[in-house]
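These numbers come from a predicted model, not from an experiment. Naming convention: chains lettered A, B, ... in sequence-line order (proteins, then strands); numbering from 1 in each chain.
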Number of protein chains: 2
Amino acid sequence: MKITSKGRYAVLAMVDIAKFGEDTPCNLSHVSVRQNISLSYLEQIFNDLKRANLVKSQKGPGGGYKLNKESNEIRILDIFNAIDEQIKTTGCGNDPKSSCSGTGKKCLTHNFWENLEGVIGNYLNSVYLSDLTEEYSISGERRAISE
Amino acid sequence: MKITSKGRYAVLAMVDIAKFGEDTPCNLSHVSVRQNISLSYLEQIFNDLKRANLVKSQKGPGGGYKLNKESNEIRILDIFNAIDEQIKTTGCGNDPKSSCSGTGKKCLTHNFWENLEGVIGNYLNSVYLSDLTEEYSISGERRAISE
DNA sequence: TAATAACCTACTAATTTAGTCAACTATTTA
DNA sequence: TAAATAGTTGACTAAATTAGTAGGTTATTA
């Protein structure tokens with residue numbers, strides 16, 4: 001039960017863009033340094049993010065990336081979807097070897113895994129990028145971070 | 001964001017044991033066939049489950065595994081812990097390369113990932129093995145499955 | 001004592017992850 | 001208009017993890 005680095009980086013980089021890219025576009029070299037993420041890897045990630053219309057780009061000197069929507073309009077789940085970070089716990093349906101698929105009847109645990117996916121998905125859908133940039137700790141009720 | 005096969009198999013096999021091992025112990029060959037899981041792999045998994053005192057074993061002919069507690073006393077989180085299926089989303093703290101560790105200050109997304117871990121952990125802690133054997137679909141309020 | 005089934009360890013093939021590398025294209029500024 | 005900047009794209013690869021397999025040992029029972 002882990003998030004891939006790609007997923008972690010994507011969210012982190014989006015927070016970075018949201019914080020530092022308000023006036024001028026953020027170029028990825030800066031994000032790379034600030035967040036300690038490989039530049040080439042960031043390029044791949046932003047490729048996906050752009051395709052999902054979460055960011056817009058500006059080429060040439062002084063260019064870079066900006067958010068394409070307000071940060072309170074971007075859900076963390078949107079970011080996950082953009083980079084194809086799937087929430088997949090069942091294992092059913094994809095491979096013919098699985099005990100669930102093929103047979104036509106659900107495996108004993110099918111509903112449970114689906115519910116777990118729902119719990120995770122609901123949470124990711126309820127948190128917005130702005131929640132992270134505002135440095136709130138989201139946990140039911142929201143409390144400010146003392147930092 | 002995936003569960004490993006080991007995790008899926010462990011939960012599935014525990015449900016199997018709970019269902020079929022009430023009177024006589026379940027031997028793993030049968031579980032293997034019923035749930036379509038490799039026998040050797042099951043052996044490894046039950047090694048862990050036994051070490052965590054979730055099951056007890058009986059060697060020799062007619063032997064096998066039984067639950068070591070009532071199924072309404074075993075939480076899914078217990079099973080995850082037994083087989084070391086970690087809920088780890090931060091990526092901070094473990095490797096020195098991560099943007100969070102070393103520097104002494106939390107990365108921008110640290111609290112978010114911790115909250116996500118909390119959401120998942122709470123859910124897994126709230127569901128019992130008996131919830132699965134009774135074929136309930138757990139989702140906030142519980143509804144019976146029409147099957 | 002033969003069969004059964006748990007127990008244990010080492011090994012490996014396949015897959016996924018986390019990148020690297022190299023080239024190309026568009027834009028801006030000097 | 002040339003040079004520099006920065007995004008765009010695709011192919012490749014090393015490392016790590018996963019998902020097993022294989023082969024034996026030990027304990028128990030009929």
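Side chain to side chain, A/E70 and A/S130 fail the donor-acceptor criterion of an N or O pair below 3.5 Å. At a cut-off of 3.5 Å, with distance as the only test, no side-chain donor of B/K59 or B/S57 sits close to an acceptor on the other residue. Side-chain contact of A/T133 with A/K19: a donor-acceptor pair under 3.5 Å is absent, judged by distance alone. Checking B/T4 against B/K2 by side-chain atom types alone, no donor-acceptor pair falls below 3.5 Å.
Regarding B/Y41, its OH atom lies at a distance of 18 Å from the P atom of C/dT9, rounded to whole Å. If you measure from atom CD of A/E43 to atom P of D/dA6, you get 12 Å, rounded to the nearest angstrom. Protein atom CD1 of B/I83 is 12 Å distant from nucleotide atom C1' of D/dT18, rounded to whole Å. Between B/N27 atom CG and C/dC7 atom P there is a gap of 12 Å when expressed in whole angstrom units. When rounded to the nearest whole Å, the span between CG of A/D48 and P of C/dA18 equals 14 Å. Between the NZ atom of A/K6 and the P atom of D/dT17 there is a distance of 19 Å, rounded to whole Å. Summarising the geometry, the separation between CG on B/L42 and C1' on D/dG20 is reported as 11 Å, rounded to the nearest angstrom. In this structure, A/L49 atom CG and D/dT8 atom P are separated by 11 Å, rounded to whole Å.
For B/S5 and D/dA19, the shortest distance from a side-chain N or O to OP1 or OP2 is below 4.0 Å. Side-chain N/O atoms of A/S38 include none lying less than 4.0 angstrom from OP1 or OP2 on C/dA18. In this model, the phosphate group of D/dA19 is not approached by any side-chain N or O of B/Y9 to a distance below 4.0 Å at OP1 or OP2. The phosphate of C/dA6 (OP1 or OP2) has no side-chain N or O of B/N47 nearer than 4.0 angstrom.
A distance of 5.5 Å separates CG of B/L129 from CD1 of B/I74, quoted to the nearest 0.5 Å. We find the CZ-CG distance between A/R34 and B/L108 to be 9.5 Å, quoted to the nearest 0.5 Å. Taken to the nearest 0.5 Å, the CD1 atom of A/I120 stands 10.0 Å off from the OH atom of B/Y123.
In this structure the side chain of B/K56 never reaches within 4.5 angstrom of the side chain of B/K50, judged on heavy atoms.
Among the heavy atoms of the strands, none lies under 4.0 Å from B/F46.
For the pair A/G64 and A/S40, nearest-nucleotide mapping onto DNA chain D gives the more 5' position to A/G64.
On a pure distance criterion of 3.5 Å, a polar donor-acceptor pair joins the side chain of A/Q44 and the base of C/dT20.
A heavy-atom distance below 4.0 Å to DNA chain D is reached by these residues of residues 50-62 of chain A, ordered by number: A/K50, A/S57, A/Q58, A/K59, A/G60, A/P61, A/G62.
Across the helix from C/dT1-D/dA30 to C/dA30-D/dT1, the helix axis at one end is tilted relative to the axis at the other end by 10° (nearest 10 degrees, each axis from five pairs).
Listed by first and then second residue, the ring pair (Phe, Tyr, Trp, His ring centres under 6.0 Å) pairs that reach into residues 62-81 of chain A are A/F46-A/Y65, sequence neighbours excluded.
Salt-bridge annotation for B/K6 and B/D48: present, with a side-chain N of the basic residue lying under 4.0 Å from a carboxylate O of the acidic one.
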